[in-house]
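Throughout, a chain's letter reflects where its sequence line sits, starting with A, and its residues are numbered from 1. Because the structure is predicted, anything quoted here is derived from the model rather than measured.
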Amino acid sequence: MPELPEVETIVRDLRQDIVGRTIMAVRFLNRTIWRRGAPAKRLLIGARISSLERRGKNILIILSNGRVMIVHLKMTGRLTYQGSSDQMRKHTHLVIDLDFGQIRFNDTRRFGYLDLVRPDEIDRLDYLSVLGPDALFISREDFVMMVRSKKRIIKSLLLDQSILAGMGNIYSDEALFVAGINPRRVSASLSRERAGRLHQAMIAVLNKAIGARGSSMNDYVDARGEKGSYQDQRLVYGREGQPCKKCGRKIKRETIGSRSSHFCASCQR
DNA sequence: GACAACCTGACC
DNA sequence: GGTCAGGTTGTC
């Protein structure tokens with residue numbers, strides 16, 4: 001699925017394309033994608049899109065009537081804006097007609113979900129309030145303290161959204177490679193210096209990936225239906241058996257915390 | 001921490 | 001046929 005850079009790219013695109021537009025009609029093609037059942041259409045129709053926000057991997061669409069639509073794309077979700085006449089893809093579950101163009105939510109595997117909440121609910125939602133600080137904005141000091149205070153396999157810790165929001169499998173592997181840290185290392189065993197290096201690597205990788213408009217390994221496309229290009233510059237993810245870009249030895253793939261992990265056993269200690 | 005579950009599709 | 005996939009949640 002989309003990780004932080006992909007979600008950030010979609011949010012930035014949609015800010016350009018749909019802020020100020022008015023919802024004219026809504027089509028629920030599949031009601032099961034709503035976390036708590038499909039909302040009344042009158043809560044959406046007539047509202048204007050005021051702004052967009054990202055919280056971890058969640059997309060928040062704030063409406064002029066105060067309601068907030070929350071979208072999580074999970075593995076194969078797509079949130080796109082296009083002309084109303086564009087051909088409808090298979091697995092499109094929601095269509096929102098705007099005064100110009102339309103928003104579509106498409107999700108092959110149907111792991112993704114939507115929610116529509118009242119403004120007063122937003123800060124009490126369990127699935128948002130559980131999120132840790134955003135991976136892109138956590139300070140070096142806080143990051144180092146967090147890493148060294150937990151006794152967790154570092155790869156799993158990076159993926160834990162309640163500790164750090166936004167990191168996913170690709171960018172965790174990439175950041176650990178850049179920092180030269182073995183994914184199996186226990187977080188508390190890292191020196192301040194190495195934990196700081198990981199913080200720096202993580203933010204550099206995320207920003208580079210945002211610059212490349214995300215990674216399109218399989219399904220990901222941005223809000224305009226275009227692929228990202230970070231997959232062309234990844235250093236370890238999906239490169240099992242290929243030469244390490246630093247030392248030339250073969251990149252390994254092992255399962256860590258039931259996620260596949262890619263790393264160089266020689267460069268990452 | 002390990003694993004199954006939620007789903008579909010691509011690939012071997 | 002089996003395996004794997006950018007995620008998360010719930011159960012041992």
Side-chain angles (χ1 to χ4, degrees), chain A residues 1-11 29-36 54-59 70-80 89-93 105-115 125-132 135-136 150-177 183-188 202 205-206 208-210 212-223 226-241 253-262:
Chain A
M1 117 140 191
E3 305 180 29
L4 186 155
E6 290 76 26
V7 176
E8 181 65 23
T9 300
I10 291 171
V11 165
L29 278 49
N30 174 0
R31 295 176 167 261
T32 68
I33 55 164
W34 294 91
R35 252 176 211 276
R36 300 177 293 181
R54 178 183 63 75
R55 295 225 193 154
K57 301 172 189 171
N58 293 270
I59 299 167
I70 306 173
V71 184
H72 199 304
L73 301 170
K74 287 284 183 85
M75 297 283 266
T76 54
R78 297 176 171 204
L79 191 65
T80 54
R89 290 177 59 88
K90 199 174 170 183
H91 305 300
T92 298
H93 306 305
F105 175 74
N106 182 288
D107 188 359
T108 304
R109 291 172 76 179
R110 273 181 281 143
F111 288 175
Y113 37 59
L114 309 184
D115 205 356
L125 286 174
D126 48 350
Y127 61 92
L128 289 187
S129 54
V130 76
L131 293 176
L136 204 51
K150 309 265 180 199
K151 246 184 157 164
R152 295 271 305 272
I153 305 267
I154 188 65
K155 169 72 187 279
S156 305
L157 182 137
L158 291 177
L159 289 175
D160 188 336
Q161 302 297 301
S162 67
I163 291 180
L164 193 64
M167 290 296 277
N169 209 28
I170 295 179
Y171 302 112
S172 297
D173 281 3
E174 295 291 302
L176 287 165
F177 175 78
R184 287 195 197 275
R185 179 158 286 282
V186 174
S187 55
M202 173 177 81
V205 163
L206 290 173
K208 207 168 168 187
I210 291 170
R213 304 184 58 77
S215 299
S216 293
M217 301 292 299
N218 293 309
D219 304 275
Y220 170 73
V221 292
D222 64 28
E226 305 286 335
K227 289 178 188 292
S229 67
Y230 191 81
Q231 69 278 10
D232 300 334
Q233 43 181 316
R234 81 209 124 96
L235 302 167
V236 284
Y237 185 86
R239 294 192 66 246
E240 183 187 10
R253 180 168 76 93
E254 287 177 16
T255 301
I256 301 174
S258 46
R259 304 300 300 277
S260 85
S261 297
H262 312 73

Distance check needed: C:dA5 C1' versus A:Gln231 CD, whole Å only. 15 Å
What integer distance in Å separates A:Met217:CE from C:dC4:C1'? 12 Å
If you measure from the ring centre of A:Phe111 to the centre of the six-membered ring in the base of B:dC7, is it under 5.5 Å, with the planes under 30° apart? no
B:dC7, B:dG9, B:dC3: which one has an atom nearest the side-chain heavy atoms of A:Lys90? B:dG9
Just by distance, do the side chain of A:Ser162 and the backbone of A:Val130 share a donor-acceptor pair under 3.5 Å? no
Can you figure out which of B:dG1, B:dG9, C:dA5 approaches the side chain of A:Arg253 most closely? C:dA5
Regarding A:Ser260, tell me which of base, sugar-phosphate or nothing describes its non-hydrogen contacts under 4.0 Å with the strands shown. sugar-phosphate
If you go through the side-chain atoms of A:Arg110, does one of them form a donor-acceptor pair with the base of B:dC7 closer than 3.5 Å? no
Please check this pair: side chain of A:Asp115 against backbone of A:Arg35, looking for a donor-acceptor N/O pair closer than 3.5 Å. no
Between C:dC4 and B:dC3 - P atom distance, rounded Å: 13 Å
Atom pair distance, as rounded to whole Å: CE in A:Met75 and C1' in B:dG9: 12 Å
Taken to the nearest whole Å, CD1/A:Ile33 to P/B:dT8 is 14 Å
Rounded distance in Å between the C1' positions of B:dG1 and C:dA5: 22 Å
What's the CD1-P distance between A:Ile70 and C:dT8, to the nearest Å? 14 Å
Whole-Å distance, A:Asp219 CG to B:dT8 C1', equals 9 Å
Between C:dT8 and B:dG9, how far apart are the two P atoms, rounded to whole Å? 22 Å
From the candidates B:dC3, B:dT8, C:dT9, the one with an atom nearest any side-chain atom of A:Ser258 is B:dC3
For A:Glu254 and B:dG1, give me the distance from atom CD to atom C1', rounded to whole Å. 17 Å
Are A:Tyr220 and A:Glu3 linked by a side-chain donor-acceptor pair shorter than 3.5 Å? no
Choose from C:dT9, B:dG1, C:dA5 the nucleotide whose nearest atom is closest to any side-chain atom of A:Arg152. B:dG1
Are the ring centres of A:Tyr230 and A:Tyr171 closer than 6.0 Å? yes
A:His91 NE2 - B:dC6 C1' separation (whole Å): 15 Å
From the list A:Asn106, A:Asp219, A:Thr108, A:Asp107, side-chain hydrogen bond (donor to acceptor under 3.5 Å, both in side chains) partner of A:Thr76 resolves to A:Asp107
Heavy-atom nearest nucleotide on DNA chain C for A:Tyr127 versus A:Arg109: which residue maps closer to 5'? A:Arg109
With no hydrogens and no angle check, is any side-chain donor or acceptor of A:Gln161 less than 3.5 Å from a backbone partner on A:Met167? yes
Choosing from B:dG1, B:dC3, B:dT8, which nucleotide comes nearest the side chain of A:Thr108? B:dT8
Whom does C:dG1 pair with, Watson-Crick or G-U wobble, provided both distances fall under 3.5 Å? B:dC12
Work out how far the P atom of B:dA4 is from that of C:dT3, and round it to whole angstrom. 12 Å
